[in-house]
Structure formats: structure tokens, C-alpha cells
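Everything quoted here is computed from the prediction, not taken from an experiment. Side chains are part of it too, since the values below use all heavy atoms of this structure and drop only hydrogens, waters and symmetry mates. First the proteins, then the strands, lettered A, B, ... as listed; each starts at 1.
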Number of protein chains: 2
Amino acid sequence: MLDAAVKVFSRRGYHGASMDEIADDAGISKPMVYAYLGTKEELFVACLHREGTRMMQAIADVVAPDLSADERLWRSLQAFLGFVGAHRDGWAVLYRQARGEQPFAGELTALRRRIVEVVAGMLEHTLRSEGREVTETELEVVAYALVGATESVADWLVDHPEADPEQTATRMMNVAWVGAAQLLAGTSWRPPNRRGEAPS
Amino acid sequence: MLDAAVKVFSRRGYHGASMDEIADDAGISKPMVYAYLGTKEELFVACLHREGTRMMQAIADVVAPDLSADERLWRSLQAFLGFVGAHRDGWAVLYRQARGEQPFAGELTALRRRIVEVVAGMLEHTLRSEGREVTETELEVVAYALVGATESVADWLVDHPEADPEQTATRMMNVAWVGAAQLLAGTSWRPPNRRGEAPS
DNA sequence: GCGTAACCCTACGCACGAGTAGGTATGCTC
DNA sequence: GAGCATACCTACTCGTGCGTAGGGTTACGC
């Protein structure tokens with residue numbers, strides 16, 4: 001039944017989806033939806049939570065803490081893009097719909113923050129183990145960039161059903177890791193002849 | 001007057017914003033809004049177009065075709081993040097609101113596609129000039145990743161008003177360019193001991 | 001065969017907000 | 001100062017869609 005809701009929400013958006021259509025799609029009538037899932041808002045939150053939990057679980061299932069950083073990143077990417085490929089509707093709800101709607105933006109931000117923190121933590125751990133220091137903000141921005149890049153690629157994947165998630169993950173890894181590896185190794189880019197702007 | 005609309009749309013979202021509130025915020029009454037800007041949908045599209053055009057213009061103003069690839073990327077990033085920093089509301093409308101609403105998602109996708117194509121074109125030009133071949137899809141995914149990373153960092157910037165756009169651009173450049181430069185140089189990452197998956 | 005209870009539906013009330021009709025003030029022409 | 005146009009507002013209509021009230025149907029107990 002949540003499946004029907006996710007499907008309709010993903011197609012129409014939160015406001016565009018009518019409870020009638022969801023009920024219709026689920027093969028039951030509206031009062032039943034209210035009886036089982038509560039109001040529209042609660043229903044949407046339920047969808048959000050289920051999809052969010054599923055996604056996090058899909059990643060957690062394949063990531064062991066004793067793996068190397070690049071292996072963990074690779075597995076996460078694989079799991080994540082595999083998940084998105086298999087649950088395109090769910091991802092569309094999470095990523096495209098929930099972000100704009102004020103009542104739910106908070107939920108989403110929290111989920112996203114957890115992911116960013118995991119990525120930042122991974123980077124930080126690797127950096128510290130090599131004795132390099134780095135500011136909190138610096139890490140956060142890099143983590144945001146990596147997460148955003150991945151989300152964007154996931155979005156691309158949703159619109160290209162013929163694409164192979166695993167191959168896409170490899171491509172993504174090329175951008176993320178080859179870049180990150182350089183950063184971790186201490187390579188950094190600096191602005192050309194202007195007022196020097198130390199990257200903190 | 002469009003400023004008021006953008007402000008309200010960014011705070012409430014497309015559906016959440018009432019024409020009354022927009023009119024109120026602009027200091028005029030509702031029929032005036034209809035007289036000048038037309039229906040709510042037209043009004044939103046007008047906002048979208050203005051912000052989109054402004055953004056593209058801000059970037060076009062600082063990018064000359066005779067610059068090196070990294071210089072162009074750097075200037076674009078600077079201009080883009082500077083723009084977002086100066087027009088947080090506008091960016092919120094473009095990025096957070098318009099994406100989810102079916103009637104406008106197309107507009108947005110078109111804008112985004114143009115940006116992705118520019119980035120992909122830049123990458124391709126650099127690659128070809130070094131004699132390397134690469135598939136269309138490969139380029140597209142990398143471009144999507146870079147664009148998504150930048151959008152994500154822009155999003156971060158919106159939520160951190162105290163951050164300096166230029167410094168953030170430098171950080172972003174570190175991720176994007178250091179990674180991209182490696183890719184351009186031919187370095188690539190491959191999955192560990194599994195069924196070999198040539199990155200095409 | 002009649003009470004009743006679980007289950008589900010059709011059909012409605014009601015609020016909210018987009019878009020408009022009709023009226024009022026200000027200024028300009030002659 | 002009468003006629004008229006422009007600029008704007010208050011106050012309405014009307015559609016849409018959330019949430020619910022009240023009725024029908026099936027199955028079981030007695």
C-alpha cells in the first residue's frame with residue numbers, strides 16, 4: 001500500500017497527488033487509507049521514512065568498518081546506486097519531492113546530514129591517520145560535494161533506465177575517489193595570481 | 001515585484017505561497033499582481049526565467065573561451081557560488097522548489113542540461129586535444145557529477161550565510177579540478193578483484 | 001431468520017486559495 | 001466643474017481536494 005503512495009507521490013509530487021488517486025492506485029477506497037495510514041502528511045512521512053531507512057540499510061549492509069576507505073566508498077556507491085536503480089520511485093520522492101516541501105525538508109536534511117557526516121568522518125579518519133590536520137568546515141564542504149555529486153548521478157540514473165547502476169558507480173568512483181585520493185595525498189589547487197586565499 | 005515573489009516562493013514553496021501573501025509582500029493588492037504578471041503559474045515561470053538568466057549571465061560574464069580549462073572552471077565556480085551567495089532566495093526557488101513541481105521540472109531540466117553540456121564540452125575538448133577518446137555517456141556522467149557537486153555545495157552555502165562564497169569556491173575547485181585533472185591525465189580507478197568491469 | 005459486528009464504500013462538509021467583478025479615488029482635458 | 005481615464009482596492013465566486021459521516025454487505029452466533 002505504501003508502494004502505491006510512493007508511486008503516485010513520485011509521479012505527481014506531494015501536492016499534485018490526491019488521496020483519491022493513491023487510494024485508487026492501491027485498489028482500496030479513501031477512508032481505508034485514512035484508517036491505516038492517517039492523514040496525507042503522515043502518509044508522506046511514512047513513505048519518506050521507509051525509503052530512507054531502506055536506503056541507509058542497503059548501504060549499511062555492505063559496508064564493514066574494517067575495510068579501507070576506498071573500498072568502503074566503492075561499496076557504498078555500488079549499494080546506493082543499486083538501490084536507486086531498483087527503487088527509482090522511492091528515490092524520486094526522497095530527492096525531488098521532499099526537498100521543496102517545508103514540512104518535510106527537515107526530515108530530509110537530517111537524513112542527508114547523517115550521510116554527509118559519515119562521509120566526512122571517513123575522510124577525516126583517513127586524513128588524521130596520515131597526520132594531516134583539516135578544519136571541520138573544509139571536511140564538510142568536501143563531503144557535501146561528494147554527496148551532491150552522487151545524488152546528481154543518481155538523478156541521472158533515474159532518467160536513464162537503460163543504464164547499468166554498477167557501471168555508473170564505477171564512473172562515479174572515478175570522479176570521487178581519484179579526486180579525493182589526491183586531496184588526501186595533500187595535492188591541492190590554488191587560485192591563480194590573486195589575493196592569496198589559503199584553503200584554511 | 002518579482003523580488004517579492006521569489007522571496008515568498010523560496011520560503012513557502014510553489015504551492016505553499018499564496019498570491020495574497022505575494023501581493024502583500026510586494027506592498028500591492030492581488031489584482032495588481034494579476035494585471036502585471038498574470039496567473040500564478042506565469043508568475044513562477046517569470047521568476048524561474050529571471051533567476052536562471054541572471055545566473056547564466058553571471059557565469060557567462062567572467063568566462064572567456066580562450067582561457068584554459070581550469071581557469072574557466074575556476075571562474076565559473078567563483079561566479080556561480082558568488083551568485084548563489086548574493087541571491088540565496090533565487091537559488092532556493094530554482095534548485096529546491098522548481099525541481100519537484102511537474103509543470104516546471106522541464107524548464108529546470110533544460111537549464112541544467114545546458115550547464116551539463118557546457119561542462120561536458122569543456123571536458124571533451126580538453127580530452128580530445130590530448131588525443132584521448134571517451135564515450136558520450138562517460139562524459140555525461142562525469143559532468144553530472146561535477147554539476148551535482150557544485151549544486152550541493154551551493155545548497156550548503158545557502159544554509160551557511162556566514163560562509164565566504166569565494167573560499168567555498170576554492171574548496172569546491174579542489175574537489176572538482178584535482179579529481180578532473182587526474183581523470184584528464186588518464187588516471188582511473190577500477191573495481192577491486194571482481195568480474196572486470198571496463199569503464200567502457 | 002434475526003441481531004450484531006467487522007469491514008469497506010459512496011457521498012458529503014468544509015476550508016482554502018486562485019482568479020474576478022465592480023466600486024472608489026486621483027488626476028487630466030476642455 | 002463636468003466628463004473621462006487611469007490606477008488601485010475590497011469583497012466576492014467557484015473549483016478543488018482533504019478528511020469524515022453514515023449507509024450497505026457479508027459472516028457469524030443463537
Side chain to side chain donor-acceptor pair (under 3.5 Å) partners for [X], two or more places apart:
| X | result |
| --- | --- |
| A/Tyr95 | B/Arg99 |
| B/Thr150 | none |
| A/Asp66 | none |
| B/Arg113 | none |

*asked:* Taking side chain to side chain contact (heavy atoms under 4.5 Å, CB included) as the definition, give me every residue that meets it alongside B/Ala58, ordered by chain and number, with sequence neighbours left out.
replied: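 Scan of B/Ala58 (side chain to side chain contact (heavy atoms under 4.5 Å, CB included), adjacent residues dropped) gives B/Phe83.
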
*asked:* Test: ring pair (Phe, Tyr, Trp, His ring centres under 6.0 Å). Region: residues 98-132 of chain A. Which pairs qualify, not counting sequence neighbours?
replied: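 Those involving residues 98-132 of chain A are A/Tyr14-A/Phe104, A/Phe44-A/Phe104.
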
_Atom pair distance, as rounded to whole Å: CG in B/Leu37 and C1' in C/dT20_ =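 In whole Å, C/dT20 C1' lies 17 Å from B/Leu37 CG.
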
*Length of the line joining B/Ile22:CD1 and C/dG19:C1', which is rounded to integer Å*: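 Computing the B/Ile22:CD1 to C/dG19:C1' distance gives 13 Å.
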
*Name all residues meeting the salt bridge (charged side-chain N to carboxylate O under 4.0 Å, His left out) criterion together with B/Glu51; count only those two or more places apart in sequence or in a different chain, and write none if there are none.*
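Once residues adjacent in sequence are excluded, the partners of B/Glu51 under the salt bridge (charged side-chain N to carboxylate O under 4.0 Å, His left out) criterion are B/Arg54.
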
*Along DNA chain D, first and last positions that approach a heavy atom of chain A under 4.0 Å*: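 Contacts span D/dC18 to D/dA21, reading 5' to 3'.
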
*Could you list all the salt bridge (charged side-chain N to carboxylate O under 4.0 Å, His left out) pairs where at least one residue sits in residues 26-38 of chain B, not counting sequence neighbours?*
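For residues 26-38 of chain B: B/Asp20-B/Lys30.
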
*Return each pair, listed once, that meets salt bridge (charged side-chain N to carboxylate O under 4.0 Å, His left out) where at least one residue sits in residues 38-47 of chain A; pairs must be two or more places apart or across chains.*
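Output for this query is empty, none listed.
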
*Does any residue of residues 1-9 of chain B have a heavy atom under 4.0 Å from DNA chain D, and if so, which ones, in number order?*
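Going residue by residue through residues 1-9 of chain B, none turns out to have a heavy atom under 4.0 Å of DNA chain D.
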
*Base, backbone or nothing for each nucleotide of nucleotides 10-17 of chain C, written B, S, -, heavy atoms under 4.0 angstrom, 5' to 3'?*
B-------

*Would you check if there is a donor-acceptor pair between the side chains of A/His15 and B/Glu101 at a distance under 3.5 Å?*
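No, A/His15 and B/Glu101 have no side-chain donor paired with an acceptor closer than 3.5 Å.
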
